[in-house]
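Each remark here refers to the structure printed beneath this line.
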Amino acid sequence: MRRLTPYLLALPGWMWLAIFLVVPLAAMASVSLQTGNVIDGFVMTFSVSNYGDAIGGYSTQLVRSLVYGACATVAMLVIGYPVAYWIAFKGGSRKSVYLFLLLLPFFVSFVLRTISWGFLLADDGVLLGTLKSWGLLPAGFHVLATAFAVVAGLTYNWLPFMILPIYVALERVDPRVVEAAQDLYATRGAAFRKVVLPLSLPGVFAGVLMTFVPATADPVNAQVLGGTGNTMIGNIIQTEYLVNNDYPTASALSFTLMAVLLVGIFAYARVLGTENVLEAAAR
Amino acid sequence: MAEQGLIERSAIELEGVVKEYLSHGEVVQAVKGVTLDIAEGEFFSLLGPSGCGKTTTMRMIAGFEEPSKGVVRLHGQDVTNVPPNRRDVNMVFQSYALFPHMSVWDNVAFGLKQKKTPQEEIRRRVGEMLEIVDLGGREKRRPRELSGGQQQRVALARALVNRPRALLLDEPLGALDLKLRQAMQLELKRIQREVGITFVYVTHDQSEALTMSDRIAVMNDGLVEQLAGPREIYERPASTFVAGFIGTSNLLSGTAAGGVLETGGGRVLVPGHDGEVSVTIRPEKIRISADKPDGELSALPGTVAEVVYLGTYTSYAVTLADGAEITVFQQNAQDATTTAERGDSVWLSWQARHSYVMESR
Ligand SMILES: Nc1ncnc2c1ncn2[C@@H]1O[C@H](COP(=O)(O)OP(=O)(O)O)[C@@H](O)[C@H]1O
Ligand SMILES: [Mg+2]
């Protein structure tokens, strides 16, 4: 009995996983191998060809999603790291205020926020309209319905999820350790490269995971900001499910996306695993 | 060798150094004007209670803080505005501040790598240093895999391997238990003699400062109260603060006339002093006897209130006629004859030179 106790205590956790992860996944896996239509119903035919058809038909959008997701993640990292650094080391007693400001936009619905970005970036909107009226931009210049708008929207929407884990990691860096590096003849730059950066890498690692996955799978930004030429895989899945009611194709695409992301994450963890990174930085 | 020791060159000079912080819109003076001249090769301690400005003083020597006023000189050179990475001193931090993501070896090699020392020399010097601090064979460990004492020695090695001209140690033994601390005190002293560099040692532990230092600056509230050798600090405290802070001490006060202070039914010799005085006497300088002693001695009658046997010595608390309490330490030598019991009437006596007299201002 004693030896079973830990497992029994973990039971609610296992049940949670089973109900909310394993069961839906299994259902989706099963659907992805069926054939049929909404009216006549779907039957299991183990048609693995669903996958081949889905990937073949939408490889452009799949690749585009990965590229946009990656671009947005890089942009978030470039913008987010300095912000996190600044809050952690220069925020002083106002740190929590800055963090609150960072999260403030999240009190507004995700879709609404993206639509307001649409207004902001509209051809004659506040930003472009003003710049055009000042003659700083040509009249035909537009941002909406470009890849740039989609990536910018993705970047904006997930930026806090990049900043927060990096902030947490930087916040835990003991300023004395940075001083110790300077005491041992390191310049400010060297102290950052040899001490602060390596110690913040676990945060960077978490931030990239927390942003790359949802940004790649997101349908909203491409739909609102991207026009017709920038459809991402999330849009396709949504359309197949809700418009075409082609559940097997939608499921197969979802699984394919999940597999690609998982493989990517494992490769990333392998190459950039925390321990490896730290070892490398200590050289 | 002996002649070299005579040439007292300054390693570290502080001149009228003040450090002010802005704290909640108010100016706080952490250091209120400190002037020190630390000689090369000296074991120098900054001693004082928590919050008296020891760390701040040391951080100005290391270069982490710029003085609000005053000058810092290292080996004769004004370094007041020189950043820490270009000062030839190294610091052992209060909490060690080891690089958590680096092995012991990489921690110790850090300074040499930054100075672009040739690979071969780094390997040799780091190896030697790890032997000196007895960490050979633990090169690959991470700091968190080491005990407190081992981490302490890594911190020491990381600083010493650079052969700085002065080593700054901020309460380096504060986190260790008593036994380890005493062992490390001896160890530090040995290393200092071996490498022969200036040590500036910050501590709030008076016995640590007294046993290790060549000279001690006793600090209180941002100022140096006394700067002297351990013996003088112990026996001739320059202020009641120092007397109270340095170990157990007895304090008597009153009005002296003709070099004698009449108090508590007896007399205390204070040659050359008149008027309001306070006198400190170390507990181990006082003798206990059943009869009134003869000769030119300070002598006070009292009643034994408490006897505590403490191994090598016995501590007596003796109450004087006026209610003042005096602590006396008596060595438990084999031929010790005096064995006063609780409630005994006794005489306390000591020689005039063991009274340390301060005239009240
Ligand atoms: N960065 C700072 N900002 C405001 N006050 C400080 C700062 N550093 C130290 N102090 C104050 O200065 C005084 C001396 O501190 P410190 O030098 O650390 O003392 P010690 O090392 O002797 O314990 C303390 O009262 C402390 O609160
Ligand atoms: Mg301190």
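Computed from a prediction, not measured in an experiment: that's the story for all the values here. Residue numbers start from 1 in every chain, and the chains themselves are labelled A, B, ... in the order their sequence lines are given, proteins ahead of strands.
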Honestly, the part of A:Ala181 sitting under 4.5 Å from a heavy atom of chain B is both
Counting only heavy atoms not in [X] (residues, nucleotides, ligands), do more than 12 fall under 6.0 Å from its [atom1]?
X: B:Glu145; atom1: CD; result: yes
X: A:Arg94; atom1: CZ; result: no
X: B:Lys115; atom1: NZ; result: yes

So, the part of B:Arg87 with a heavy atom under 4.5 Å from chain A: the answer is backbone
Bottom line for B:Leu98: the part with an atom under 4.5 Å from chain A's heavy atoms is backbone
If you look at every heavy atom in [X] and [Y], which pair is closest and at what distance?
X: B:Ser95; Y: A:Asp174; result: OG-OD2, 4.4 Å
X: B:His101; Y: A:Leu199; result: ND1-CD2, 3.5 Å
X: B:Ala97; Y: A:Ala180; result: O-CB, 3.7 Å
X: B:Phe110; Y: A:Ala186; result: CE2-CB, 4.0 Å
X: B:Met102; Y: A:Lys194; result: CE-O, 3.6 Å
X: B:Phe64; Y: A:Asp183; result: CZ-CB, 3.7 Å

In this structure, CG of A:Leu184 is separated from NZ of B:Lys113 (nearest 0.5 Å) by 12.0 Å
* Stepwise side chain to side chain contact (heavy atoms under 4.5 Å, CB included) test for A:Tyr185 and B:Asn90 -> CA-CA 9 Å; A:Tyr185 319 108; B:Asn90 285 125; 2.9 Å; yes
